[in-house]
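Notes follow once the structure below has been shown.
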Amino acid sequence: MPAEHDAELETLKRNREKAEEVYFQVQTEFLAWKDRMVLETFKRLGNARPSATSPFSFPGHAAFRMPPTASNPLPTPTPKPKDRDAELFIYEWHYDADGKPDAGRAIRMMEVAAPRETFVEHPPYQYCTPASRNENAGMLDNRDAPFVPYPEDPTFPRDAYMTAFQDVQWVSDQKDPDAEVIEYETVRRLHIEHEFSAGVIDQVIQMTGFTPLRPSNDSGLLWAVSQRDLPPVIWGDGRPSSSKPQLPPNFSREDHSSNDVFRQINTGVAKFCPNLNCLTHNCRIHIDPAWGILTPPFAPTKPQLTSAELPVAVHGPYPRCGNDCFSLIDEDDMEDDGLAKVPLDRLSVLTSLFKVDPDASPCDLAVVCKMRCRDVFRHRKDTFDDVDIIPSPSLAPLPDKEKKKGKKTRTKKVDISGRESAISPCVHSGPCSDATSSCACLKLKLSCERNCRCAKDCLRRWEGCNSTCSKSKSCRRSSKCKCRLANRECDPELCVACDARDGQAYFPDDVPQAGRGRKCTNVALQRGIFKKIIVKKSKYGLGAFAGEYIRAGDVLGEYVGELLDNKEELSHRVIIHHHSKLNYCFGLGSGPADKYGKGGEIEPGTVDAQWLGNPTRFLNDSKPHNPNCVAEELRVNGECRLAIRALKSVGNGKELTLRYGDGYWKKAEEAEKGGRPMAVKTGKQRN
Ligand SMILES: [Zn+2]
Ligand SMILES: [Zn+2]
Ligand SMILES: [Zn+2]
Ligand SMILES: [Zn+2]
Ligand SMILES: [Zn+2]
Ligand SMILES: [Zn+2]
Ligand SMILES: [Zn+2]
């Protein structure tokens with residue numbers, strides 16, 4: 001309809017003009033305030049007062065103290081400098097509040113004899129950020145150079161290093177904070193004073209330089225403003241920002257008042273870290289959409305009980321909620337109008353709860369939604385048609401033969417020698433054990449973890465060591481502990497028999513052994529139960545030494561650093577290795593054959609402790625002797641991590657050593673001869 005369309009355009013045009021007018025007004029007021037603000041700050045800094053003589057005076061404003069010039073020399077202090085010993089004095093003047101120097105004084109310098117003893121040079125040390133856990137390096141590790149290393153060292157091949165990156169991190173598009181203040185005030189006035197709705201504002205700022213209001217929950221102008229303190233601007237009417245009516249907190253936010261609990265859960269779930277070892281909300285270390293590491297949203301759960309099965313299933317032999325419980329009333333006797341009297345907002349909460357747990361007891365849901373359980377039951381019946389309900393295979397009674405078969409498959413050993421260290425729970429339809437399944441755990445040959453979205457009775461699920469460790473009191477190395485044998489640490493939720501949740505070293509020394517109960521010894525990495533390591537000079541540069549007596553089998557620490565899972569060019573890291581003659585890369589995800597090998601190249605999974613690490617990075621190669629420590633890959637709640645373990649008992653003060661593996665030295669030799677940095681393209685090729 002052209003007429004209607006024209007009217008719409010006309011409104012948009014009018015709104016744009018209004019918005020523009022407000023915007024320029026705000027801008028003018030802001031700039032006036034800023035000018036005043038800057039001058040006031042300068043005044044305070046200079047401790048200045050008006051002066052007619054100073055060449056630095058602003059008209060009507062401050063004057064600044066001036067350094068001495070030829071026309072305005074400093075007074076000569078005593079003693080007067082003589083040519084002979086002039087270099088043995090330094091001179092000092094103090095200034096008064098008016099900027100006038102005093103008479104000045106000379107300070108005689110003393111000659112100090114250089115000490116005769118010679119200092120022993122400290123071994124080269126590569127600084128690094130102390131860390132207690134691995135951090136994912138960026139997915140595109142060669143995209144942005146974070147900084148220029150060795151700025152004071154002319155021998156560092158800076159150009160080669162910088163060309164290995166596509167860009168630099170310190171030159172990025174950042175919103176001018178002033179523009180943000182002006183935009184926010186414009187939006188505030190448009191809404192409060194001119195009654196523009198969020199939708200209209202978003203429409204008028206389209207195709208302008210304005211930041212959109214709130215394109216998602218954690219982006220846009222309103223989100224950005226909520227993340228920082230705005231400056232206390234005094235606007236044109238002489239009143240500060242803080243005295244003005246603010247935008248409502250939910251301005252431009254999608255309407256969540258619909259009571260859609262399910263949707264709210266899925267909005268929130270993305271903020272939870274998928275790494276079970278991490279409790280950081282909105283974690284920026286593990287949640288990485290580029291890596292595909294995130295907690296996926298939940299799909300609505302399908303009901304498995306028909307309305308005929310429900311009363312029996314939810315109550316079993318247990319008491320009903322009361323005499324008028326839905327399970328005691330014949331369906332035909334439930335009056336029809338009951339449901340119609342329930343307020344709509346409660347019904348919509350209920351509908352959304354059905355997506356979370358459709359087989360929950362109607363009596364429980366009735367309490368949550370403040371309704372009668374018979375109304376819950378009826379609404380469930382309206383929502384799910386009995387003929388569409390497919391019972392779960394685990395709920396359906398199995399014939400004896402099938403039961404046995406099921407048991408057999410369950411005990412089948414799952415190969416967990418996966419190469420990936422990054423973890424996300426699997427989410428897909430169908431069982432994980434099916435050969436045609438798209439299950440990520442299956443593809444990586446990993447067990448399903450606690451947070452996988454598969455059925456609770458999934459055959460790939462890790463079950464913990466309850467079957468092997470219920471009698472023995474700890475999951476010792478020598479024991480048959482299922483977790484140990486699978487190179488896993490015990491799981492605090494699953495390994496109940498060994499009490500992994502409350503195990504190892506949670507007791508102060510004065511608690512007698514007998515009172516300590518079961519004690520899982522297979523939780524060192526997740527608990528951070530490590531040994532004292534001292535870093536000091538060793539035969540080759542710095543080395544790591546035992547800071548206490550260490551028993552064979554003890555975990556000393558975790559080898560941590562930047563986690564590289566790269567399928568791309570890493571030449572910049574190689575340049576650093578060549579230049580510093582230090583290489584802190586440790587291969588991760590190399591199968592058991594390479595278990596003792598320190599990676600000399602970037603492997604598919606690599607922990608690089610060059611810039612981020614802890615004392616375990618100082619463990620030297622044991623050559624030509626046997627090492628007293630070994631690096632071990634352990635799965636810790638699904639995550640692949642490197643434990644440094646003592647092979648034999650090590651006395652306090654003894655040096656700790658590892659075997660780096662032949663590949664490491666071969667690569668290092670090549671690097672030494674070649675001079676030019678090697679581009680290690682994909683980690684797949686290994687020595
Ligand atoms: Zn995390
Ligand atoms: Zn799966
Ligand atoms: Zn899984
Ligand atoms: Zn599974
Ligand atoms: Zn165990
Ligand atoms: Zn266990
Ligand atoms: Zn255990």
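Order of appearance sets the numbers: ligands from 1, and atoms from 1 within every ligand.
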- Message: When you measure from the centre of the six-membered ring of Phe298, is the NZ or CZ of Arg453 closer than 6.0 Å and no more than 45° off the axis?
- Response: yes
- Item | Cation-pi, Trp462 ring and Arg450 (6.0 angstrom, 45 degrees) | no
- Task: May I have the angle between Cys439 SG and Cys432 SG with its vertex at the Zn ion (ligand 2), rounded to 10°?
- Result: 110°
N, O or S atom of [X] closer to the Zn ion (ligand 5) than 2.8 Å:
X      : answer
Cys483 : no
Cys465 : yes
Cys520 : no

- Item | Evaluation steps, salt bridge (charged side-chain N to carboxylate O under 4.0 Å, His left out), between Arg641 and Glu489 | CA-CA 10 Å; Arg641 291 159 69 166; Glu489 279 205 346; over 6 Å; no
- Query: Quick check: does Cys426 put an N/O/S atom under 2.8 Å from the Zn ion (ligand 2)?
  - Reply: yes
- Would one find an N, O or S atom of Cys454, in either backbone or side chain, under 2.8 Å from the Zn ion (ligand 2)? no
- Item | Glu562-Asn134 side chain donor-acceptor pair, cut-off 3.5 Å | no
- Task: Check step by step if salt bridge (charged side-chain N to carboxylate O under 4.0 Å, His left out) holds for Asp554 and Lys648.
- Result: CA-CA 9 Å; Asp554 278 352; Lys648 41 186 146 188; over 6 Å; no
- Query: Counting heavy atoms not belonging to Phe384, are there more than 12 under 6.0 Å from its CZ?
  - Reply: yes
- Message: Any N/O/S atom from Cys481 (main chain or side chain) under 2.8 Å of the Zn ion (ligand 6)?
- Response: no
